[in-house]
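Every chain is numbered from 1, with letters handed out A, B, ... down the list of sequences.
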Amino acid sequence: MNIIIPDSGRIEVLGRSMDENMKTEIGYLPEDRGFYPKMRLREQLLFLAALKGLRPAQARQTVDLWLERFDLVDWRTKKTEELSRGMQQKAQFIATILHDPRLIILDEPFSGLDPVNTKLFKDVMLEMRDRGATIIFSTHRMEQVEMICDEICLINKAEKVLEGSLKKIKQQYGKNTVVLEYEGDAGFVREFPGIAKLDDYGRYMEIQLEESIDPQELLKLVTGKLRVGRFEVKEPTLNAIFIDKVGGSHA
Amino acid sequence: MRKILAVVKREYLQIVRTKGFIIGTVLGPVFMSLMLVVPIVLSVITVEEQETIAVIDASGEVLPGLERKLNDVRLKDGTLRYTLEEHRLTDDLGGLRERLNQKVLSKELSAYLFLPADIVSGGEAEFVSEHVSDFEKTQDIRRALNSVVIEKRLKGESIDPQLVSRLIMPVPLSTHKVTTRGVEEDTGGTFLVSYFLVLILYMTLIFYGQAVMRGVIEEKTSRVVEIVLSSMKPYQLMAGKIVGIAAVGFTQYAIWTLFGIALATKGRALASSAFPQMDSFQIPTIPPYVFFYFVIYFVLGYFLYSTIFAAVGSMVNNEKEAQQLMMPVIMMLVIPLLLIMFVMRSPSSSMSVGLSLFPFFAPMLMLLRVCILLPPFTQILGSIVLLVAAILAMIWLSGKIYRVGILMYGKPPRLPEILKWLRYR
């Protein structure tokens, strides 16, 4: 927002140094919904569009288009304080992208959304990506990251813990993770030698094996003792990587 | 610039369309005219009734004269206002007074009057009633009693009371003021108009200043400011808000002025037909330049105070916290209000000149001086120049505070922190 000035160095965005004009190229969705509570939805969006430099006619067209897409047409004359949280979230999202920014920054975009709207958000985000926009978003939900992201950056207590392309990071962690879906008492699995890490969710278990261990050994152990719903050898989930990287410092 | 205009437009439309604005704009003048008209009407139609007053005349020589004098006081239908009821002095004065006290309490009598034996030579008369807040009544009694007793005293010295009253007739003194347009009679109209204009200025400065502050707080608590500032600079938002609310102020003034003109042309005829007494009330003429300066000082004063109010709003999280920080700002507006009387009595003293040049007081005090007697143009210009300088300084100062404060949540900052904000580049 060009408000906090760097202590040292300089800020570059989209290959140019950050200045006031760059603001029209950026769309920002803050974590807390921010609207004028007494203003009507459509007016509000038109106002925010004008601030992004859209001409009135163009603004009306874009706003109406997005209201349609996000199924908010019936609420366009309602005051924003009367809208539900989900609707406010959708409206906020419209405000973020209506000027077709080249850089989109989303802070927890999926919080408070039902699955239908989550899909809608995801679809629009991917559309924007295909049109050449760069999207940065923060989230705590690792499965969303796995579905959407190309590159990730994991930050813990203001320190960068992990950065790079999602693919490469997963490769680094090796292909030695076993996902086990089961019924029965699985306490004995812990006794198996060569387990580097084990997360038991009750009916589902994520086991990271040491490099030298063949997952087939584990499969032999569990067959007959448990009803196995699924036994999969795969890359570790981001969830596991997150817990591995951050878990220690949280405990 | 387009962004600032968008903010101006939003502020203006959002406020002008609220019920509060419509009600305030329409009811404001209605309320104000009621404040003017109601006391006048009430004084004309006060409830009057006949009253019985008992008199104990220990001197035995005042009552007949008193009765004659009070017979002159009539109700509107021509009947006597006061009926006097004589009570002879008995040996048991205490008992008599006790009985009369009871009668007053039981409302048989509205009051009683005790006249001592030595009343003509300076004794003290007593008026006893359930309440003595009816000044008109005590005034009637006092006047009648005075004239009867003084007449007696004069006669005692063989002086003709008529002669005396002719000799001590007061000298008529009318007040005029000399202006560049000549000499005009002024019976206190200037005083009323000046007071009224300064009061309006005071109220609108506070009102619109606080409107700016509330707007800033609203943006902050609803967090919309983060969205808006991702599109524009803080100073653009602040400027847009201040200008937008100023536009609201002008709309309101315009409506009020139209209303005032309508009232002055139509209302006067209406009023005098209903209450002929009002004819004697002269509406003072206000020279046009007063309005000109009123607008100038309103605009300058508004910009000065609203920037400060905007900074205050940016520092706090809710209006409750704002109350405390607002105090010094309000004080700056109240002080000139308290100085009105002083400046009116000596508008050209060096003290008055100095006070009216001080930027925070200038809008109200210089306007006051313009109303009373047009000060030298150099002084007016001086106050305007100083005001503009102060506004620029305040914009710079408030802009810095605003820029940081608007995105700060939590405890309101203390002075050292604010000073630190000022050093941020």
Side-chain angles (χ1 to χ4, degrees), chain A residues 1-7 13 18-40 42-56 58-59 77 79-81 83 88-89 91-99 101 103-107, chain B residues 1-21 211 214-241 244 314 317-318 399-409 420-421 423-425:
Chain A
M1 274 193 271
N2 213 10
I3 289 187
I4 297 166
I5 316 289
D7 296 329
V13 178
M18 180 65 196
D19 63 21
E20 222 30 53
N21 295 328
M22 288 301 288
K23 283 186 176 177
T24 55
E25 308 275 6
I26 302 173
Y28 167 59
L29 178 88
E31 187 177 0
D32 297 292
R33 311 301 148 244
F35 272 128
Y36 289 100
K38 304 273 179 218
M39 220 171 161
R40 297 182 193 289
R42 185 165 176 271
E43 275 176 6
Q44 184 123 242
L45 291 175
L46 288 177
F47 168 67
L48 293 174
L51 290 190
K52 285 294 185 191
L54 265 64
R55 303 252 162 219
Q58 189 191 357
T77 57
K79 289 180 181 165
T80 38
E81 61 182 354
L83 300 182
Q88 287 185 19
Q89 174 83 340
Q92 195 86 72
F93 191 64
I94 297 177
T96 309
I97 54 170
L98 49 73
H99 56 292
L103 174 64
I104 303 173
I105 303 171
L106 309 168
D107 195 351
Chain B
M1 198 60 210
R2 273 228 315 275
K3 293 178 180 180
I4 298 183
L5 280 179
V7 177
V8 170
K9 193 177 133 201
R10 193 203 83 83
E11 292 292 335
Y12 182 78
L13 289 179
Q14 284 303 306
I15 296 182
V16 167
R17 277 189 305 198
T18 57
K19 286 191 199 79
F21 176 81
R214 269 197 301 273
V216 173
I217 296 176
E218 190 202 27
E219 274 169 355
K220 203 175 159 179
T221 50
S222 69
R223 310 236 167 187
V224 69
V225 69
E226 293 178 26
I227 306 285
V228 175
L229 290 191
S230 70
S231 307
M232 67 197 306
K233 284 184 177 175
Y235 96 85
Q236 290 175 315
L237 176 61
M238 184 167 124
K241 184 172 271 311
S314 73
N317 301 303
N318 52 53
K400 293 227 158 194
I401 295 177
Y402 180 87
R403 206 191 68 190
V404 185
I406 195 82
L407 290 170
M408 289 275 178
Y409 296 95
K420 205 171 82 192
W421 292 1
R423 283 201 300 272
Y424 286 161
R425 201 168 39 83

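Distance alone, capped at 3.5 Å, is enough to place a donor-acceptor pair between the Arg40(A) side chain and the Thr77(A) backbone. Remark: side-chain polar atoms of Lys52(A) are paired, donor with acceptor, to backbone N or O of Ile26(A) under 3.5 angstrom. A donor-acceptor distance shorter than 3.5 angstrom exists from the side chain of Gln88(A) to the backbone of Thr80(A), with no hydrogens or angles considered.
Taking Gly53(A), Pro37(A), Ala50(A) one by one and counting their heavy-atom pairs under 4.5 Å with chain B, the maximum is reached by Pro37(A).
Under 4.0 Å is where a charged nitrogen must lie from a carboxylate oxygen, and between Glu219(B) and Lys241(B) at least one such pair does.
Using a 4.5 Å cut-off between heavy atoms, Tyr36(A) contacts chain B through both its backbone and its side chain. With a threshold of 4.5 angstrom between heavy atoms, Glu81(A) does not approach chain B through any atom at all.
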